[in-house]
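The structure appears below as structure tokens.
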Protein chains: 2
Amino acid sequence: MENEGQGKGLHARVLETLGPEITAGDVPPGTVLRTDELAQRFDVSRTVIREVIRVLESMQLVASRRRVGVTVRPTEEWNVYDPRVIGWRLAGRDRPRQLRSLTVLRSAVEPVAAGLAAAHATPGQCAELTEHAMGMVATSRGQQLDAYLVHDMAFHRVILTASGNEMFARLADVVAAVLTGRTQHQVMFADPDPAAVTLHVQVAEAVRVGDAARAESLTRQITTGAMAELDVLAP
Amino acid sequence: MENEGQGKGLHARVLETLGPEITAGDVPPGTVLRTDELAQRFDVSRTVIREVIRVLESMQLVASRRRVGVTVRPTEEWNVYDPRVIGWRLAGRDRPRQLRSLTVLRSAVEPVAAGLAAAHATPGQCAELTEHAMGMVATSRGQQLDAYLVHDMAFHRVILTASGNEMFARLADVVAAVLTGRTQHQVMFADPDPAAVTLHVQVAEAVRVGDAARAESLTRQITTGAMAELDVLAP
DNA sequence: AGCCAATTAAGTATGACTTTTACATCACAG
DNA sequence: CTGTGATGTAAAAGTCATACTTAATTGGCT
């Protein structure tokens, strides 16, 4: 379990080592890396390293300049919306900060998405929504946090995709990660907030009847609740 | 002006050709590309093509599999938050749809960002804000759209960065692109909506005095106005 | 100060070799 | 005759080593 599985290609393995090192701050901004050294360190050819560098460069994590080397860029310039960067940061040292950033983003996006979903959701999506809301009710008591989480993530994914906005839809994974992170940090025996569960049911209903304003307002209550919860467990 | 400047490296030039072709839909999802064919087509070595493919893969535009080739992935899987993907799509065929998506995203994010800015903005940022709001007032009449745009973009950039949330801050370029796109599509002799100008001044003031609720509400009026404007000029 | 040359590290090209895997072929059992 | 499964082959990406090119930094020389 020391090395990541060798199933993937070489460049993927190198990337999965170097990326997290950078996002975690182990290789601080301004550091200069040389391709030859990296090739030596990972015992791969320079070709492989170059491909990794290209990907890291496309994430704005590094900048490559002739005669000087590969420089780690300052944090503010990183592509923080890249799923892999998000994943690495969530797995790394400043997971709390990252979780907070993402929760704020979620609190901005989800209410608007819910409002749009009320206008655009297909009957099938409405059905899924109520189904998952019911699932949340059913699993909200008695230490079934894992089962609850599955429904919660599915619920929010449907909302985001039913909004009909591709930018919102692509945040489904991020929201899922946030929800997972929150569950993992919660006390194991604490059941979800009953008020939140009720709100989800009401959102599903509002979307079904096409009440955009109500769907938005209710979802805003959910997300502000999530932020308040974050403040309580803040590190 | 036929070819993009040859100042950058080879892989950048190939990327700037292949990327837009994919995002524009000229190379529809499901299409398989072979690396040696691409190498032949662009008259570069396979090494260069491989690096391009890696970057395209990191944008989730393509997937590379052995024995089959490089497959263009379906639109829903693209990394639509990647700045280059956004740029390519804005430059391409479905620019209207993209502009609409981004405007909706903006309408979700900016009000929340403004609320946070009211709580976190430094005195310096408040000064910048009023300065640019004043600039907008000064350039709002008499076909000075370009000068107006500069202040508008700067204003919103300050709001987003002053929010203190890195995810919001990284959307400044996107918002700038949206504002630019809107200006370019407007009739050349139409001055900006006076109501919008007033709202910007009021937002700057609300942020300065730390009235988060008011800053959020005013900004929401700005963004809903922007969306309404989009509906009028909808293609 | 300003210019030129040397040096350094990334960028590119090429060719040989490895690994994975889709596909077709064939054998066998139902 | 058909469907299932084992097997072999070939195609394309993946990897490596090496030689060469290009740009930019550094430092020395005028």
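None of the values given here were measured: they were computed from a predicted structure.
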Exercise for the section: Could you check A:Val44 against B:Arg65 and say which one's nearest nucleotide on DNA chain D is further toward the 5' end? Expected result: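 Between the two, 5'-proximity favours B:Arg65.
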What is the distance from [atom1] of [X] to [atom2] of [N], rounded to the nearest Å?
X	N	atom1	atom2	value
B:Arg50	D:dA12	CZ	C1'	11 Å
B:Leu10	D:dA23	CG	P	10 Å
B:Asp36	C:dA13	CG	C1'	15 Å
A:Ile49	C:dA9	CD1	P	16 Å
A:Glu37	C:dT8	CD	P	14 Å

Practice task
Examine the base of C:dT12 for any acceptor or donor lying under 3.5 Å from a partner atom in the side chain of A:Arg46, and report the outcome as yes or no.
Solution key: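 Side chain to base: pair present.
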Problem - Distance-only donor-acceptor test, A:Arg67 side-chain atoms vs D:dT25 base atoms, 3.5 Å - result: yes
Fill in the blank from the handout: Side-chain contact check for A:Val70: nearest option of D:dA13, C:dT12, C:dA10 is C:dA10
Problem - Among C:dA10, D:dA13, C:dA13, the nucleotide that comes nearest once only the side chain of B:Thr35 is considered - result: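 The nucleotide sitting nearest to the side chain is D:dA13.
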Handout entry: Sugar-phosphate, base or nothing in reach of A:Leu33, heavy atoms under 4.0 Å
Key = sugar-phosphate
Exercise for the section: With the side chain counted from C-beta on, respond yes when B:Leu116 and A:Val104 share a heavy-atom pair under 4.5 Å apart, and no when they do not. Expected result: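 The answer is yes; the side chains approach within 4.5 Å.
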Handout entry: A:Glu51 with A:Arg54: basic N within carboxylate O range, under 4.0 Å
Key =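 Here A:Glu51 does not pair with A:Arg54 in a salt bridge, since their nearest N and O are not under 4.0 Å apart.
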Under 4.0 angstrom between [X] side-chain N/O and [N] OP1 or OP2:
X	N	answer
B:His11	C:dT12	yes
A:Arg54	C:dG11	yes
A:Arg66	D:dT22	no

Exercise for the section: Measure from the side-chain N and O atoms of A:Tyr81 to the backbone N and O of B:Met167, and report whether any donor-acceptor pair falls under 3.5 Å. Expected result: yes
Handout entry: Which residue lies more 5' along DNA chain C, comparing A:Thr47 with A:Ser64 via nearest heavy atoms
Key = A:Ser64
Fill in the blank from the handout: Checking B:His151, B:His132, B:Glu110 against B:His156 for side-chain hydrogen bond (donor to acceptor under 3.5 Å, both in side chains), the one that qualifies is B:Glu110
